[in-house]
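Labels below follow one simple rule: chain letters A, B, ... track the order of the sequence lines, proteins then strands, and each chain is numbered from 1.
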There are 2 protein chains.
Amino acid sequence: MPLGPDLVGQRSETVRRANLGAIVRELHLRGPQSRSELVARTGLTRTAIRALIGELVAGDLFLEERGAPVGQPGRPSPLVRPREAGVVVLAVSIAVDSLAAALVGIGGEPIASVRIPRPRGHLSLDAIVEDLRELVSGLPVDAHRAAIIGIGVAMAGLVRRDDGSVSSAPNLGWRDAPLGERLPAAFGLDVPIHVANEADLAAVAELRRGAARGADDLLLIWGEVGVGGGIIVDGKPLTGVAGYAGEVGHMPVNPGGATCGCGSIGCWETEIGERALLRLAGRPVDGGPDEVDALLRAAAEGEPGALVALAHVGRWVGIGLSGLVNLLNPRVIVLGGLFARAYSYMEPAILAELDRLALRGPRELARIAPGALDVDAPLLGAAELALEPFLADPAARLGPRAQLVAAAGA
Amino acid sequence: MPLGPDLVGQRSETVRRANLGAIVRELHLRGPQSRSELVARTGLTRTAIRALIGELVAGDLFLEERGAPVGQPGRPSPLVRPREAGVVVLAVSIAVDSLAAALVGIGGEPIASVRIPRPRGHLSLDAIVEDLRELVSGLPVDAHRAAIIGIGVAMAGLVRRDDGSVSSAPNLGWRDAPLGERLPAAFGLDVPIHVANEADLAAVAELRRGAARGADDLLLIWGEVGVGGGIIVDGKPLTGVAGYAGEVGHMPVNPGGATCGCGSIGCWETEIGERALLRLAGRPVDGGPDEVDALLRAAAEGEPGALVALAHVGRWVGIGLSGLVNLLNPRVIVLGGLFARAYSYMEPAILAELDRLALRGPRELARIAPGALDVDAPLLGAAELALEPFLADPAARLGPRAQLVAAAGA
DNA sequence: TCGGTTTGGAAGATAGGACTACAAAATGCC
DNA sequence: GGCATTTTGTAGTCCTATCTTCCAAACCGA
């Protein structure tokens with residue numbers, strides 16, 4: 001039922017909202033454009049574009065300026081560009097090895113960002129909230145306070161979308177932690193907050209600004225200590241009923257395998273996670289990022305043990321991906337986090353397993369690529385998530401327009 | 001990017017299309033309703049509903065009649081009901097053990113349907129097309145010819161959505177068979193044809209008219225000889241890039257397992273397919289539906305060997321479902337085909353494995369249910385697929401309206 | 001400087017639904 | 001059976017948003 005349970009009647013106003021949203025989204029995704037480019041792309045007339053852009057400019061969200069000369073005859077079309085003071089979100093990332101925050105405006109480029117490493121181990125919700133508060137105090141929040149419309153949080157853990165609570169975060173030792181309701185107050189911001197899994201958000205970021213630009217169906221695998229996944233279907237994140245979807249790390253791929261931290265047996269994570277990689281390479285499994293870096297350096301120098309371990313993990317990556325390719329028939333598979341850094345060593349094994357195990361049809365259509373955004377992918381995805389309500393209905397932010405029109409008419 | 005590569009601007013006409021579509025879809029999904037019920041459900045005003053219904057009645061697609069007395073005060077609201085002569089589709093199902101066809105109108109109820117058993121084994125495309133032609137000749141196609149707007153085909157095999165070709169159908173021995181381009185001519189119908197995998201369509205049918213009514217996120221597992229799957233996300237079928245998505249049968253779940261017909265190793269199908277079940281029960285693996293029926297009868301009589309085999313398969317069903325629950329976070333999991341018939345014997349094992357292996361969050365949200373539509377699910381889903389273009393834009397079928405209005409004004 | 005070309009701008013046309021007032025058709029009480 | 005009450009259908013008018021059309025503005029090249 002493509003229409004919700006209670007379908008809502010469409011009106012003229014709906015048309016305006018949709019068109020305004022289309023323009024703003026276009027400018028957000030493809031960057032500043034001239035009015036005439038927007039006319040060509042949206043199919044709307046110059047008149048309609050003019051009125052809509054006029055409203056965005058009057059609302060101080062966008063500005064028009066002389067574009068660069070194009071060397072074409074005809075009257076030049078002004079470039080429409082987002083104002084930095086217009087709409088801004090605060091993006092936050094709680095990863096296994098670092099905490100990060102950024103202020104991001106329309107267009108998706110960070111205005112300012114900070115990241116600090118975080119030692120591994122369990123930390124209370126209070127401690128993390130305090131660390132984040134301090135981190136965010138290093139951003140020019142006050143300068144943009146009036147423009148901030150929301151907070152987006154990328155979380156290494158299982159998140160409920162509706163209330164932003166963390167159902168489970170093994171790396172931090174959290175269970176049912178009410179993260180979403182704590183943060184706005186901690187930052188002194190009274191705006192909506194959106195919390196989601198870091199891999200889900202990395203997928204959004206890679207789709208819009210990274211390795212999967214232009215694709216509509218994407219599968220991303222995100223490796224840190226654990227293994228997460230993000231699925232994009234028809235351009236929209238697959239969240240599932242509560243937002244839990246995408247937990248690829250806990251697919252059973254080897255019933256005869258090892259016990260997983262989740263209590264299950266033979267999860268994919270037990271074969272391709274950081275600990276499995278370090279174990280295979282004969283390094284301390286709890287060595288963390290330092291040992292992983294050392295392993296990758298060894299591989300770069302051609303050390304056989306390191307290369308064998310990476311190839312072995314690559315094979316298991318390929319085995320799991322085969323099932324996912326058959327299941328989801330994606331256009332692009334992006335390997336992020338640990339898998340992006342190790343991609344060059346794993347690629348042959350991954351591709352060989354895919355060719356061996358996946359069905360011919362979906363296999364031929366799927367392109368494999370390492371992530372392009374590195375550690376920032378979840379953070380940028382969190383910004384996109386927080387911007388989404390504005391993109392869906394920019395008119396809500398513009399406020400009452402009827403009064404202005406009435407005043408002008410009087 | 002929820003908006004296509006070239007976004008299309010919205011106009012007043014779009015509003016009308018959307019509202020007309022909402023009304024027609026509502027009547028299709030929930031059955032005949034009074035005008036006032038439609039007002040309440042769509043949020044449109046009486047005026048708008050009146051105009052839109054008037055158009056549908058004038059176009060001979062729907063009719064209004066006195067509804068049953070409701071015992072309430074106030075002027076009674078007429079019931080809006082689809083006309084049988086209005087819009088009809090031809091649905092066809094090519095299953096492993098049978099061929100079926102039906103004429104289906106708005107509302108989803110078959111006007112007429114036929115099904116014949118089919119012996120297993122390879123058959124050429126020509127032979128199947130001829131069998132279908134004969135089957136369809138038993139339906140009152142001529143009586144509804146003018147109303148038939150499309151053909152929907154449910155196919156036991158891997159299907160490309162765009163051209164309706166069958167990429168692979170192991171049971172028939174097909175590979176790259178141009179099924180979609182052959183059928184309309186064979187039926188003497190010059191209408192659009194839509195071919196899709198039978199499990200994908202069974203999912204649609206169970207969502208709209210079966211065990212998953214009211215849900216928006218659904219996973220269906222369909223067992224015949226092979227194992228197929230259908231995924232519904234946010235009320236819409238997950239097709240993937242080419243329509244291949246949902247092939248759950250070929251997820252690798254047991255790397256140490258048996259070689260699958262697809263050439264891969266340890267596919268889920270090798271653990272839970274019909275052949276695996278018969279083998280575990282000590283019956284001939286190629287016995288087909290007769291042996292399966294005998295097995296189920298034996299189980300009903302309490303034969304230990306049969307019960308053990310069913311429980312064993314149930315465990316593997318649960319193992320695979322665990323991964324899918326973590327991956328997709330569905331609201332309902334429907335077991336169809338063979339699994340629906342054997343559900344009562346497998347249920348304990350399935351639930352036990354889910355509780356053991358799936359993550360707590362998504363596990364708690366997923367309801368498991370056997371399919372409610374039996375063998376007809378793919379056929380009914382094929383009808384829904386063929387009806388979809390009409391539901392999305394009924395105005396296209398109504399033809400030019402402006403002329404009528406102009407004539408009335410003159 | 002002067003056409004040719006492209007884009008911006010303004011006025012009227014078109015289309016669709018919302019709002020309001022009133023008529024019509026049922027129920028229920030007396 | 002008559003009358004008040006309730007609910008819905010109908011018609012006229014208003015509001016909103018885009019499209020169409022025509023003209024002015026700005027740039028290029030000769």
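Taking side-chain N and O atoms only, Ser77(A) has a distance below 4.0 Å to OP1 or OP2 of dG8(C). Between Asn19(A) and dA17(D) there is no side-chain N or O to OP1 or OP2 distance below 4.0 Å. In this model, the phosphate group of dG16(C) is not approached by any side-chain N or O of Ser12(A) to a distance below 4.0 Å at OP1 or OP2. Of the side-chain N and O atoms in Arg46(B), none sit less than 4.0 angstrom from OP1 or OP2 of dA11(D). Taking 4.0 angstrom as the limit, Arg11(A) places none of its side-chain polar atoms (N or O) nearer than this to OP1 or OP2 of dC19(C). Listed pair Arg50(B) / dT10(D) meets the phosphate criterion, a side-chain N or O lying under 4.0 Å from OP1 or OP2. When the side-chain nitrogen and oxygen atoms of Arg16(B) are compared with OP1 and OP2 of dG17(C), one or more of them lie within a distance under 4.0 Å. Contact annotation: Arg35(A) reaches the phosphate of dG9(C) (side-chain N/O to OP1 or OP2, under 4.0 Å). Contact annotation: Thr45(A) side-chain N/O to dC19(D) OP1/OP2 distance is under 4.0 Å.
With a 4.5 Å cut-off on side-chain heavy atoms, Arg213(B) and Glu206(B) do not count as touching. At a threshold of 4.5 Å between non-hydrogen side-chain atoms, the residues Pro330(A) and Leu218(A) do not count as touching.
With rounding to whole Å, Gln10(A) atom CD is found 15 Å from dA15(C) atom C1'. Remark: P of dT7(C) and CG of Leu38(A) are 12 Å apart, rounded to the nearest angstrom. Straight-line distance from the CG atom of Leu44(B) to the P atom of dG16(C): 14 Å, rounded to whole Å. Separating the CZ atom of Arg66(A) from the P atom of dA25(D) is a distance of 16 Å, rounded to the nearest angstrom. In this structure, Glu13(B) atom CD and dT20(D) atom P are separated by 11 Å, rounded to whole Å.
Mapping Gln72(A) and Thr14(A) onto DNA chain D by nearest heavy atom places Thr14(A) at the nucleotide closer to the 5' end.
Here Glu13(B) pairs with Arg17(B) in a salt bridge; the nearest charged N to carboxylate O distance falls below 4.0 Å. A salt bridge links Arg83(A) to Asp60(A): one of the charged nitrogens lies within less than 4.0 Å of a carboxylate oxygen. For Arg16(B) and Glu55(B), the salt-bridge test passes: some basic side-chain N is under 4.0 Å from an acidic carboxylate O.
The side chain of Pro76(B) lies closest to dA26(C) when the candidates are dA17(D), dC19(D), dA26(C).
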